[in-house]
Amino acid sequence: MARGRLRAWFQRCQRELPWRRTRDPWAIWVSEVMCQQTRVDSAIPYYERFMRLYPTTADLAAAPVDELLSLWSGLGYYSRARNLHRAATQVMRDHGGRIPCTESEFRALPGVGAYTAGAVLSIAFEQPVPAVDGNVRRVLSRLEDLAAPTNRQLTVIADSWIDRRAPGEWTQALMELGALLCKPIAPECDACPLREECRARRHGTVAERPEPRRPPKVKEVHLWAFWDETAAGLVLERRPDQGIWGGLWMVPLLARESAAAPFDPRRAAAAGISLQCAAQPLPAVIHLLTHRRILLHPLRVRLAQPWPAEWERVSGEALSRRGTPTSLARIGRAAKAQMDREWLAAPQEKSVG
DNA sequence: AAGACGGGGAC
DNA sequence: GTCCCAGTCTT
């Protein structure tokens, strides 16, 4: 009964999304990975470019991971891209290019967790596997009036609710309800197809369900960022796969003890960083993450050879084909602003030669 | 169970 | 400023 009302509402009110025009498991999979912890509206332009460049699993498996990271640049959570690339190669190598349609095999691929497995299995393969994302968590918490349900509880509830005749539509309907009506703030209960069976609504606790997670403690981190730009390009370092901005190209970074700690050339040298000329400081760029407040302290420098192997001077045109974090562009703007100020202060020194 | 991992949009 | 988004992996 309630299932029928939710499905009818979904068929009437669902958004038009690029991945709703296909049942191709590859396309569904890509959309699910891109939407992890990411607003749908932010993911859409990335998805469109991705599917033009990599229309099949084989296309991604054959592509250099650097090309993928360039496409992913700005979307965040870059391990998603690296895992998807690894997963695509595994599908080609271990599954003959066919995306596995069993939960255990699909779930074993890197980057595929309980949610993504449930979503792809139900939407692309019409299998009755529950998918609990942030939307479903909120919808079910309110329906059952649960304050702090565990993922396990929610999965059991979601599993018992699955419409076995149309698992794909059911998964999407539940998520769409959370996205469009059963929102965290100002839910539109009057328009909800499940308003009659919603326990939180009956108890007047909708606004408190589920309880918000306590925010993580935000640690402050200070980093020196070495900006060495010449006519030949900008010196970049490929970041290790583990850690922030893994696999992306970034100016060389070095931990700074505090906001006021002076630059210590000997400690920098111990990390493989030595300067040809004195460093000019630029205003700090603040980069906020969920659990970090990163203060990037740029220094305009000329780095002395020899460099570590993972450094490279990259010219402007090649730079656009590298995966880079958004913070790189922000440091770049700070550097350019300072150079403009210098030019205004002493234009005669910068006369074109 | 908790922390690491991006970035941005809505308020 | 705050919250949190179609989560996953590691410890």
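Every chain is numbered from 1, with letters handed out A, B, ... down the list of sequences. From a predicted model like this one, the values you see are computed outputs, not experimental measurements.
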Interatomic distance where [atom1] belongs to [X] and [atom2] belongs to [N] [whole Å]:
{"X": "A:Gln36", "N": "B:dG7", "atom1": "CD", "atom2": "C1'", "result": "15 Å"}
{"X": "A:Arg80", "N": "C:dA6", "atom1": "CZ", "atom2": "P", "result": "12 Å"}
{"X": "A:Arg293", "N": "B:dG7", "atom1": "CZ", "atom2": "P", "result": "16 Å"}
{"X": "A:Arg292", "N": "B:dA4", "atom1": "CZ", "atom2": "P", "result": "4 Å"}
{"X": "A:Arg330", "N": "B:dG6", "atom1": "CZ", "atom2": "P", "result": "15 Å"}
{"X": "A:Arg107", "N": "C:dG7", "atom1": "CZ", "atom2": "P", "result": "14 Å"}
{"X": "A:Met34", "N": "B:dG7", "atom1": "CE", "atom2": "C1'", "result": "14 Å"}
{"X": "A:Arg213", "N": "C:dC5", "atom1": "CZ", "atom2": "C1'", "result": "10 Å"}

Using the side-chain heavy atoms of [X], tell me which of these nucleotides is nearest: [options].
{"X": "A:Lys219", "options": "B:dA4, B:dG6, C:dA6", "result": "B:dA4"}
{"X": "A:Ser42", "options": "B:dG9, C:dA6, B:dA4", "result": "B:dG9"}
{"X": "A:Pro212", "options": "C:dA6, B:dG6, C:dC4", "result": "C:dC4"}
{"X": "A:Pro184", "options": "C:dC5, C:dG7, C:dA6", "result": "C:dC5"}
{"X": "A:His291", "options": "C:dC5, C:dA6, B:dA4", "result": "B:dA4"}

With heavy atoms under 4.0 Å as the rule, sort [X] into base, sugar-phosphate or nothing.
{"X": "A:Ala131", "value": "nothing"}
{"X": "A:Pro216", "value": "nothing"}
{"X": "A:Arg20", "value": "base"}
{"X": "A:Trp19", "value": "base"}
{"X": "A:Leu17", "value": "base"}
{"X": "A:Thr290", "value": "base"}
{"X": "A:Gly178", "value": "nothing"}
{"X": "A:Gly246", "value": "nothing"}
{"X": "A:Val33", "value": "nothing"}

Presence of [X] side-chain N/O under 4.0 Å of [N] phosphate oxygens OP1/OP2:
{"X": "A:Thr326", "N": "B:dG7", "result": "yes"}
{"X": "A:His287", "N": "B:dG6", "result": "no"}
{"X": "A:Arg39", "N": "B:dA10", "result": "no"}
{"X": "A:Trp245", "N": "B:dG7", "result": "yes"}
{"X": "A:Gln37", "N": "C:dG7", "result": "yes"}
{"X": "A:Lys217", "N": "B:dA2", "result": "no"}

Spacing of [X] atom [atom1] and [Y] atom [atom2] [to the nearest 0.5 Å]:
{"X": "A:Glu126", "Y": "A:Arg165", "atom1": "CD", "atom2": "CZ", "answer": "12.5 Å"}
{"X": "A:Asn83", "Y": "A:Tyr77", "atom1": "CG", "atom2": "OH", "answer": "13.5 Å"}
{"X": "A:Arg322", "Y": "A:Leu248", "atom1": "CZ", "atom2": "CG", "answer": "11.5 Å"}

Closer to the 5' end of DNA chain C via nearest nucleotide, is it A:Ile123 or A:Leu288? A:Leu288
[atom1] gap between [N] and [M], integer Å:
{"N": "C:dC4", "M": "B:dG6", "atom1": "C1'", "value": "13 Å"}
{"N": "B:dG8", "M": "C:dT8", "atom1": "P", "value": "22 Å"}
{"N": "C:dT10", "M": "B:dG7", "atom1": "C1'", "value": "22 Å"}
{"N": "B:dC5", "M": "C:dC5", "atom1": "C1'", "value": "14 Å"}

I'd like to know if A:Thr38 reaches the base of B:dG6 with its side chain, counting only an N/O donor and acceptor under 3.5 Å. yes
Yes or no on side chain to side chain donor-acceptor pair (under 3.5 Å) for A:Tyr115 and A:Glu32, after CA distance, side-chain angles and deciding distance? CA-CA 9 Å; A:Tyr115 163 73; A:Glu32 293 302 341; 2.5 Å; yes
Stepwise salt bridge (Lys or Arg N to Asp or Glu O under 4.0 Å) check, A:Glu67 with A:Arg321: CA-CA 7 Å; A:Glu67 183 187 85; A:Arg321 290 196 302 273; over 6 Å; no
Parallel, tilted or perpendicular, judged at 30° and 60°: which one describes the rings of A:Phe106 and A:Trp29? perpendicular
Is the A:Trp307 ring parallel, tilted or perpendicular to the A:Trp311 ring (thresholds 30°, 60°)? tilted
Take A:Tyr77 and A:Ile185, find for each the nucleotide of DNA chain B with the closest heavy atom, and name the residue whose nucleotide sits nearer the 5' end. A:Tyr77
Against A:Phe50, only a single residue in A:Tyr46, A:Tyr54, A:Tyr47 fulfils ring pair (Phe, Tyr, Trp, His ring centres under 6.0 Å); can you say which? A:Tyr54
